[in-house]
> 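The structure that follows is given in the form of structure tokens.
Reminder, nothing fancy here: chain letters follow the sequence lines and each chain counts from 1.
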Amino acid sequence: MIYIIGGQTASGKTELALEFAQKIGAHIINGDAFQVYRRLDIGTAKASKEEQSLVPHHLIDIVDINEAFSIFEYQELARKIIDRLVAKNIPVVIVGGSGLYIRSVLFDYRFSPNSEADMARFEKMDNYRLHQYLASIDEISAEKIHFNNRRRVLRAIEIYLQTGLSKSALELEQSKQPYYPYTMVMVDWDKEQLDARILERIRLMFAQGLRSELAELLETFPSSSPGFRAIGYKEMIENANYSDEQLIDLINKNTIHYAKRQKTFFKNQFNISSFTKREEALEFLLDTFKGAL
RNA sequence: GGAGGAGUAGCGAAGUGGCCAAACGCAGCUGACUGUAAAUCAGUUCCUUCGGGUUCGGUGGUUCAAAUCCGCCCUCCUCCA
């Protein structure tokens, strides 16, 4: 059984995870797409070094800001760690807000090894033609993916070019059953409360020196680095002339949008128990843990 | 006191007689999600028993027909006193 703490940003995942993991002697695996980046500390709201020292952490601070990292690497690394811990009978807690990353670990998602596919001719096509092309090689996926969702249409085509199999055919081969048994929990705040927490946290980030964190990093890494696509950093990079207040507004807005997508994903893509209060979630996790012994 | 300008849905903003329950943007709400996922994309937002009903500062008119034209009133802005 692995324990997962998911849900929205600023919902208190980190704190809950630390508390729970300490109580049961678990290791924590980060399930957040941007906490894998070293030195992106303030803006990704990582647990502090002191907090991290309380419980062994994995998949946090593992790549440099200018390195590409994707779900493919994440899945592989996470499974290795989980298998190792499970073999030693150490409980595993995954905490994070990147739902798809977590899904790829929990379920039978199979990613083909990266191979070169020449996408140049497709990138020139307009959305409509691109989608028509997809329909000619993979009707099922074409039906599922909206033609305006260019990124996904392109990816589906790329899969076909790389593997010779359509995206939908590959997915049909995969089991629908979870790869690992899991218990997942989230703290579901009222929208108003969560919004207030988000704003408060962004203010805190600025007070903690988010601006200078970025400035220092930009001395070493180009502003186009993958790590800088994280909310908080990208807004500062794109709007170098903004005042703190303007940036806080923008980052706040983007974070609220992000939080909404997270909620939709977690509620609809997982079997998840949601609680209004952190203490209730903790109690539920502890009960589940005891029951599993 | 005088001269101009403006008041449109939660906000911004088009529209200047019928094709207007009213473009577009934002915000909000719902959803999709298998290698950029803190990303990408879609739907939806006056009321409704889905027949229809009530809107464009207020009010009274003109017209077969008004957000659009006319009168009066209210509010705001600029300039002059």
> Quick one: sort the Phe270(A) and Tyr182(A) rings into parallel, tilted or perpendicular, breaks at 30° and 60°.
perpendicular

> Does Arg121(A) make a cation-pi contact with Tyr133(A) (under 6.0 Å, within 45 degrees of the axis)?
yes

> Would you mind telling me which residue lines up with the more 5' stretch of RNA chain B, Thr44(A) or Gln174(A), judged by nearest nucleotide?
Gln174(A)

> State the pairing partner of rG7(B); accept Watson-Crick or G-U wobble contacts with both distances under 3.5 Å, and report none otherwise.
rC74(B)

> By the 4.0 Å heavy-atom rule, please label Arg155(A) as base, sugar-phosphate, or nothing.
base

> Select base, sugar-phosphate, or nothing to describe what Ile159(A) touches, counting heavy atoms under 4.0 Å on all strands.
sugar-phosphate

> Classify the glycosidic conformation of rG61(B) as syn or anti, calling it syn when the angle lies within 90° of 0.
anti

> Using a 4.0 Å heavy-atom cut-off, does Thr9(A) contact any base of the nucleic acid, only the sugar-phosphate backbone, or nothing at all?
nothing

> With a 4.0 Å cutoff (strictly under), does any side-chain N or O of Tyr258(A) reach OP1 or OP2 of rA38(B)?
yes

> Nearest to the side chain of Asp32(A), which nucleotide is it out of rU36(B), rA38(B), rU40(B)?
rA38(B)

> Within the 4.0 Å heavy-atom criterion, would you say Ile71(A) contacts the bases, only the backbone, or no part of the nucleic acid?
sugar-phosphate

> Describe, in one word, how the ring planes of His27(A) and His58(A) are oriented to each other, choosing from parallel (under 30°), tilted (30 to 60°) and perpendicular (over 60°).
parallel

> With the threshold set at 4.0 Å, does a side-chain nitrogen-carboxylate oxygen contact exist between Asp138(A) and Lys144(A)?
no

> Does a side chain donor of either Thr9(A) or Arg201(A) reach within less than 3.5 Å of an acceptor in the other side chain?
yes

> Do the ring planes of Phe107(A) and Tyr109(A) sit parallel (below 30°), tilted (30 to 60°) or perpendicular (above 60°)?
tilted

> In residues 261-270 of chain A, what residues come within less than 4.0 Å of RNA chain B, judged by heavy atoms?
Arg261(A), Thr264(A), Phe265(A), Asn268(A), Gln269(A)

> Hey, does Ser104(A) reach any base, or is it just sugar-phosphate, or nothing, if we go heavy atoms under 4.0 Å?
nothing

> Tell me, for nucleotides 24-29 of chain B in 5' to 3' order, what letter each nucleotide earns: B for a base near a protein heavy atom under 4.0 Å, S for only sugar-phosphate near one, - for neither?
---SSS

> List, by chain and number, the other hydrophobic cluster members for Leu170(A), where Ile, Leu, Val, Met, Phe, Trp and Tyr join if side-chain heavy atoms come within less than 4.5 Å, directly or indirectly.
Ile159(A), Leu165(A)

> Over all heavy atoms of both residues, which pair between Arg197(A) and Ala10(A) is shortest? Give the atoms and the distance, please.
NE-O, 2.7 Å

> Considering only heavy atoms, which members of residues 210-237 of chain A lie under 4.0 Å from some atom of RNA chain B?
Arg229(A), Ala230(A), Ile231(A), Lys234(A)

> Got a sec, which hydrophobics cluster with Phe147(A), joining ILVMFWY side chains under 4.5 Å apart, including via others?
none

> Would you say Arg152(A) reaches rA37(B)'s phosphate, i.e. side-chain N/O to OP1/OP2 under 4.0 Å?
no

> Taking a pair as Watson-Crick or G-U wobble with both distances under 3.5 Å, which nucleotide is matched to rU63(B)?
none

> Among residues two or more places apart or on two chains, list those pairs meeting ring-ring contact (aromatic ring centres under 6.0 Å, His included) that have a residue in residues 60-92 of chain A.
Tyr74(A)-Tyr101(A)

> Are a donor atom and an acceptor atom from the side chains of Ser70(A) and Glu73(A) found within less than 3.5 Å of each other?
yes

> Can you tell me if Asn148(A) touches the phosphate of rC41(B), counting only side-chain N or O atoms and a distance under 4.0 Å to OP1 or OP2?
no

